[in-house]
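Quick note: residue numbers are just sequence positions, from 1. Atoms within a ligand are numbered from 1 in the order they appear, just like the ligands themselves.
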Amino acid sequence: MTVSSAIRALVEYAVREGLIDALDKVWAVNRLLEVMSLDSIDGDESVENASLEDILKVLLDDACSRGVCEDSIVYRDLFDTRLMGAITPRPSEVIREFNALYSESPEKATEYYYHVSRKSDYIREYRIKNDVKWITPTEYGDIDITINLSKPEKDPKAIAAALKMKQSSYPLCMLCPENEGYAGRVNHPARQNHRVIPLDLDGEAWCLQYSPYVYYNEHCIVFDSIHQPMKISEKGFRRLFAIVKKFPHYFVGSNADLPIVGGSVLTHDHFQGGNYTFAMAKAPVETPVEFKNYPGVSGGIVKWPMSVLRLIGDDTDEICTLAGEILAKWRGYTDEDAFIFAETDGVPHNTITPIARFRDGMFELDLVLRNNITTEEFPDGVYHPHPQHHHIKKENIGLIEVMGLAVLPSRLKTEMAILRDAMVSGADISADERISKHTEWAQEIMASNNVTAENCEKILQDEIGKVFADILGQCGVYDRNEQGKRQFLKFVDYVNN
Ligand SMILES: [Zn+2]
């Protein structure tokens, strides 16, 4: 594919995917020439059905060969985003189309916007498809596992360049609305192809976008138009339902607002949602509970390794008032026997990870009780993955994991491949520093399974799933036994009285 035919192919792609109109073709060719620092285009042939990845590769390689773009991953990502930005509709056009479709149905609106987010390459689909995914059945249902490989790799050239750069506070963070259309820097991704949908949540200005890393179908982020910190509150619960009412086909939840049990971005208030049913949503109420003063709300303790109270009702106002009361009581709750301390040395520990959804004509709010206390034995957190499992995962258990999707570090893909070979060939796992941390675990697996070249990968996947379910149990503030259930119900009594 020549550079000229790649440019034409990219314009054809943009027309085919509805990013630009056929009337925009000449203009689009000239925009792309400008980004490529070229002053003319040859011939008139395009390339039928070339993939976006192949088209961009031709253009990137050419730009790098002429010194228009530095040849390393971060610079290439900045450059191809600039190319895609030239053929992405303006924000106002996307918003107008979204709103027009919304008046037909919310599904049509999100379907269109998700399409634009993918086809503009804001979501890099050809990278997402490299993610490793599987499902492990457990007593709590089918747990989803993903090894995420689509986040940008480390780029030594860009890291060196970033060190020499002046600190910038524009945009203030990755979630600020100022990212829309931003050219990016070596230490901040380019977003010329990024479009944001404004949302009115009961009179407040919020915004909708998709996650560029889509951990699950239509993984969206709803974020405050103002850069202010995460805060779990009754008002936040009301916002969750305002979103669910706008998009009844989406669940939406929030990370907790304390370190260790929260997500990676605590500085900009946001929610995450999407069109996906996680194992936790399918998990039934195991112990029904009555909420005094709230006759319209039913629910109870959910059969899930973490400690979850589900509130079900048709009146979201009643659900949110009760949830606000539960939150306030939980924040101040101490039960020494259950090793729950509201605070130590004035530092608060209790918070909630909430998830809202609309199902079978009823609204549901799952309140996952969280506590971030640390001890000498568990310096990373008592209700956090314990050290025995750190060879698989030591990162925070945030909203997505709470719901039953393990997002595992990319290192595991290589490690599991090496480990599989070692387990099958009988090599000394402890002698290989790349995988020695898995030694004990691998030996246990080999002791209880007849590992062969054929079944080893599947066995490892299932065992990782079991480790993750166990991790979720460690993050639950109440144990899954009779004593834990009594302690959980003691808290419910405290709420009721
Ligand atoms: Zn921000």
Side-chain angles (χ1 to χ4, degrees), residues 74 77-78 81-82 85 88 90-92 94-95 98 113-114 116-117 120 122-124 148 150-152 158 162 165-215 218-233 235-240 242-243 246-247 250 252-274 351-355 372 395-396 398-400 407:
V74 168
D77 281 4
L78 288 168
T81 306
R82 214 175 134 201
T88 302
R90 285 197 182 204
S92 57
V94 177
I95 294 164
F98 182 90
Y113 179 44
Y114 193 52
V116 170
S117 300
S120 69
Y122 162 73
I123 296 169
R124 292 172 182 266
N148 195 262
S150 51
K151 284 206 174 179
M165 282 177 66
K166 241 176 63 183
Q167 282 290 322
S168 171
S169 56
Y170 185 89
L172 262 177
C173 82
M174 299 278 288
L175 286 179
C176 278
E178 289 78 12
N179 282 284
E180 187 175 44
Y182 187 58
R185 314 179 297 262
V186 288
N187 55 2
H188 194 103
R191 292 285 186 246
Q192 288 101 326
N193 54 355
H194 174 39
R195 299 295 177 260
V196 171
I197 304 291
L199 290 185
D200 179 333
L201 297 187
D202 295 335
E204 295 176 343
W206 284 62
C207 309
L208 171 71
Q209 68 179 42
Y210 287 103
S211 161
Y213 307 119
V214 282
Y215 289 153
E218 296 175 49
H219 177 181
C220 71
I221 301 173
V222 177
F223 58 102
D224 197 335
S225 60
I226 302 162
H227 180 88
Q228 50 191 355
M230 295 284 295
K231 181 94 189 93
I232 297 296
S233 63
K235 192 155 191 203
F237 301 147
R238 292 180 189 278
R239 289 183 188 122
L240 290 179
I243 299 164
K246 270 189 197 304
F247 306 105
Y250 279 10
V252 63
S254 170
N255 261 308
D257 53 0
L258 293 178
I260 298 177
V261 295
S264 52
V265 183
L266 290 178
T267 54
H268 193 134
D269 205 358
H270 68 283
F271 307 122
Q272 294 181 79
T351 183
I352 278 176
T353 303
I355 300 110
N372 77 347
E395 295 79 9
N396 291 357
L399 168 69
I400 293 171
V407 181

Checklist entry - Out of W206, F237, F223, F247, which one pairs with F271 under the ring-ring contact (aromatic ring centres under 6.0 Å, His included) rule? => result W206

Item to check | D269: which of I232, N255, I226, D224 passes side-chain contact (heavy atoms from CB on, under 4.5 Å) | outcome: D224

Checklist outcome for this item: Sequence neighbours excluded, the answer for salt bridge (Lys or Arg N to Asp or Glu O under 4.0 Å) partners of D257 is R331

Checklist entry - Around the Zn ion (ligand 1), how many protein N/O/S atoms fall inside 2.8 Å? => result 4

Next on the checklist: Show me the pairs that pass salt bridge (charged side-chain N to carboxylate O under 4.0 Å, His left out) and involve residues 193-215, at least two apart or across chains.
Outcome noted: E204-K235, E204-R239

Checklist entry - Listed by chain and number, what are the side chain to side chain contact (heavy atoms under 4.5 Å, CB included) partners of N179, not counting sequence neighbours? => result P171, C176, H188, R191, H194

Checklist entry - Going by distance alone, is a donor N or O of one side chain under 3.5 Å from an acceptor N or O of the other, for Y250 and E218? => result yes

